[in-house]
Amino acid sequence: MKISEENNDIIDKQKKIRQNIINQYIKYRKIRNLTQGELADIMGIKRPNISRFETGQYNPSLDLLVKMAESMDLEIRIDLIDKQEER
């Protein structure tokens, strides 16, 4: 596999993971009946930051993702899985 193909594969994985995270946050924000503005107020940030995150225009830090999760009474869990063991 060429390096550019490997890079494209990694970029595709990043996009899928990012979209999955965004979808989960939107789902739980709606379950909690929170508007973007209400969530932003709880977090002490501006509403456009939430909007840009939800539309994929902003890639927040892990710290901000944790703060957002805590604001909705959620916990973040990240699992690393050894590809060799999965085969």
Side-chain angles (χ1 to χ4, degrees):
M1 187 179 283
K2 295 180 183 176
I3 292 177
S4 63
E5 289 177 26
E6 289 175 3
N7 287 341
N8 287 338
D9 288 345
I10 291 170
I11 290 169
D12 288 344
K13 285 181 184 182
Q14 290 170 332
K15 287 179 183 178
K16 287 177 187 175
I17 291 169
R18 185 178 298 113
Q19 191 58 53
N20 182 287
I21 291 169
I22 291 168
N23 290 342
Q24 289 183 63
Y25 274 98
I26 292 170
K27 171 185 148 186
Y28 282 106
R29 180 178 60 76
K30 289 180 178 182
I31 286 171
R32 305 288 196 267
N33 291 315
L34 292 170
T35 65
Q36 291 178 347
E38 290 167 336
L39 178 58
D41 287 344
I42 293 168
M43 294 178 62
I45 64 173
K46 296 183 180 181
R47 188 206 55 79
N49 292 327
I50 301 295
S51 177
R52 285 194 300 270
F53 164 68
E54 289 187 2
T55 59
Q57 298 171 3
Y58 171 65
N59 192 12
S61 67
L62 180 57
D63 293 342
L64 189 62
L65 290 174
V66 170
K67 186 174 183 177
M68 192 181 303
E70 287 293 325
S71 297
M72 292 188 286
D73 198 29
L74 299 170
E75 184 175 312
I76 292 179
R77 180 178 45 192
I78 298 173
D79 297 321
L80 299 177
I81 299 166
D82 189 330
K83 291 180 181 181
Q84 299 298 326
E85 290 180 17
E86 284 215 330
R87 291 181 191 163

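Model, not experiment: these values are computed from the prediction. As a basis for the values below, the full set of heavy atoms in this structure was taken, side chains included, without hydrogen atoms, waters or symmetry mates.
- Pairs of residues two or more places apart, or lying in two chains, never qualify as salt bridge (charged side-chain N to carboxylate O under 4.0 Å, His left out) while including a residue from residues 30-50.
- Of all the heavy atoms in R29 and Q36, the pair that sits closest is NH1-N, 3.6 Å.
- When each of Q24, R18, K16 is tested with N20 by the rule side-chain contact (heavy atoms from CB on, under 4.5 Å), just one qualifies, namely Q24.
- For T55 against R52, the heavy-atom pair with the smallest separation is OG1-O, 3.3 Å.
- Other residues sharing a hydrophobic cluster with L62 under the 4.5 Å side-chain heavy-atom criterion for ILVMFWY residues are I17, I21, I22, Y25, I26, Y28, I31, L34, L39, I42, M43, I45, I50, F53, Y58, L64, L65, V66, M68, M72, L74, I76, I78.
- No side-chain heavy atom of N23 sits under 4.5 Å from any side-chain heavy atom of K27.
- For CD of Q57, the number of neighbouring non-hydrogen atoms (other residues, nucleotides, ligands) closer than 6.0 Å is greater than 12.
- For residues 60-70, there are no salt bridge (charged side-chain N to carboxylate O under 4.0 Å, His left out) pairs, not counting sequence neighbours.
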